Amino acid sequence: MILAVTGGKGGVGKSTVSYNLGMELDAVVIDGDLGMADLPAGHGPDLHDVLAGRATPLEAVDESGPVALLPCGRTLAGTRAADPTALTKTVRTVASEYDRVVIDSPAGLRCDAGLPLLAADACLLVTRPTKPAVIDALRTRELARAIGTPLARVICNRAPANNDNCNRLGTTLGAPVTTVPESPLVARAQRSGQPVHAIAPDSEPTQAFASIADAVEQMRIDTATVATNE
Amino acid sequence: MASLEWQVQTQGEITLVEAQVTSAYETQVRLESALSPVWAPRTQGVPVEGWDKTGYETTVGRNETVAVGFASPAEPVEPPLELIEQEATEGAPGDSESQPSSRDLLRTLGDSRPPRDITPKRESATQQQTEPVERQPESTQPPALQSWFDAIENRIEVAERLATPSDATEARAVIAEHGGIERIQRLDAQLAADEKQLSALKKRQTALLDRLATTDIPVRTLERLE
């Protein structure tokens with residue numbers, strides 16, 4: 001199962017959702033933000049090296065942290081040398097070994113945002129209950145539709161409980177919505193390079209991420225059924 | 001039946017081919033290049049849809065003309081292209097129904113990588129690896145000679161850029177870029193002087209090498225005499 005976590009707008013929490021979902025799904029998280037990576041960097045080879053043909057996808061997976069991670073380099077030269085079209089093959093190689101892969105996609109609508117969608121079986125759209133974030137989420141929804149990647153779920157991040165805007169998002173974007181509440185725990189966990197599960201296993205955000213993971217597991221069955229029927 | 005017209009030009013060592021395919025009815029055609037390799041036109045660094053290593057495939061509409069062009073480092077030949085008409089088949093390449101490829105996405109959405117010009121030099125491991133090997137022996141040259149060679153090399157690079165403009169507009173832009181015609185004239189004079197100095201150096205170098213080959217210090221004999 002390959003999931004792309006996307007959203008269009010920067011700063012809505014795509015990396016946070018990817019990392020925490022990676023924890024709940026026991027998946028490898030690939031930092032697909034080739035230009036401006038956010039997830040912790042390791043000391044070994046990274047995605048830039050893999051996309052430039054200097055390392056294999058599997059040797060770049062870092063299993064030393066709480067979540068298995070394929071980190072991304074931070075240099076301009078590395079971004080320039082990486083061939084973005086090699087992402088699909090890289091992701092499939094990782095999925096063939098680890099089964100579950102979550103790709104943290106970059107903001108925007110250029111090819112680096114489109115390629116994770118192409119590589120994924122389904123996508124999750126992260127947004128916030130604000131107008132600019134929802135507008136960008138709509139654009140990304142259209143991009144996913146054009147590429148042919150089904151939308152598994154909408155994640156309304158850092159939102160107050162029972163927020164009307166979040167509830168309406170489901171109809172606007174055409175997928176069920178999970179709300180992840182605003183919480184200092186998530187920020188604290190992220191700062192220390194941990195998923196929120198590791199520091200507060202019973203907290204509301206942890207439950208929200210776990211419910212997204214459950215929903216996606218269900219979706220996985222659906223995807224498999226569709227594939228068999230075809 | 002579709003018809004093909006072509007023009008072949010050479011620009012320096014590059015052959016440029018332009019072709020127009022016209023058809024009275026809708027037909028799928030393939031243009032097979034007689035030149036190899038084919039340097040296809042590119043969008044966002046990826047060959048335009050329809051191009052492959054040996055030619056181009058497209059659909060020509062009824063009473064329409066499709067114009068294409070490509071370059072090749074090969075010698076010009078006539079005819080540069082062969083027109084092959086293909087039977088229209090359903091699900092032919094270019095059908096929008098199927099999922100796009102990575103290259104399609106790159107072509108449509110645009111390359112997200114930073115431009116090559118702003119990439120810092122000599123910082124990454126890649127660049128160090130891709131540094132031309134023949135540059136390494138330069139470090140064995142005396143520093144003064146090395147900087148003199150570097151200066152000449154820079155001047156030659158500028159001159160090479162000046163030598164390539166294809167038309168008057170481009171030439172004017174190149175002149176403006178290099179600070180006016182006077183500076184270019186000075187560069188030309190300097191290059192002539194460089195050429196003289198380099199050939200003088202070559203003569204001197206050959207003479208010295210010849211003398212060096214015939215000279216041998218009898219070190220052992222001298223050691224014994226001391």
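Residue numbering restarts at 1 for every chain, and letters A, B, ... go by the order of the sequence lines. This is a predicted model, so every value here is computed, not measured.
Using a 4.5 Å cut-off between heavy atoms, A:Leu143 touches chain B through its side chain atoms alone. Only the backbone of B:Ser101 comes within contact range of chain A, with at least one heavy atom under 4.5 Å from a heavy atom of that chain. Contact of A:Ala82 with chain B is made through the backbone alone, with heavy-atom distances under 4.5 Å.
The side-chain heavy atoms of A:Leu109 and B:Leu109, taken from C-beta on, include no pair separated by under 4.5 Å. Between A:Leu87 and B:Ser102 the shortest side-chain heavy-atom distance does not fall below 4.5 Å.
The number of heavy-atom neighbours closer than 6.0 Å to CG of A:Asp26, taken from other residues, nucleotides and ligands shown, is 12 or below. Residue B:Glu78 places its CD atom among more than 12 non-hydrogen atoms of other residues, nucleotides or ligands, all under 6.0 Å distant. With a 6.0 Å radius and a threshold of 12 heavy atoms from other residues, nucleotides or ligands, B:Arg30 has its CZ atom above the threshold. Heavy atoms from other residues, nucleotides or ligands lying under 6.0 Å from CZ of A:Arg74 number more than 12. For CD of B:Glu5, the number of neighbouring non-hydrogen atoms (other residues, nucleotides, ligands) closer than 6.0 Å is 12 at most. No more than 12 heavy-atom neighbours from other residues, nucleotides or ligands sit within 6.0 angstrom of CD on B:Glu195.
One distance of note links CZ of B:Arg107 with SG of A:Cys111; it measures 12.0 Å at 0.5 Å rounding. Interatomic distance, A:Leu76 CG to B:Arg113 CZ, rounded to the nearest 0.5 Å: 13.0 Å. Here the straight-line distance linking atom CG of A:Leu115 with atom CG of B:Leu106 works out to 7.0 Å at 0.5 Å rounding.
Pairing each heavy atom of A:Thr79 with each of B:Pro114, the nearest pair is CG2-CD, 3.5 Å.
Checked by atom type and distance alone, the side chain of A:Arg110 never pairs as donor or acceptor with a backbone atom of B:Ser112 at under 3.5 Å.
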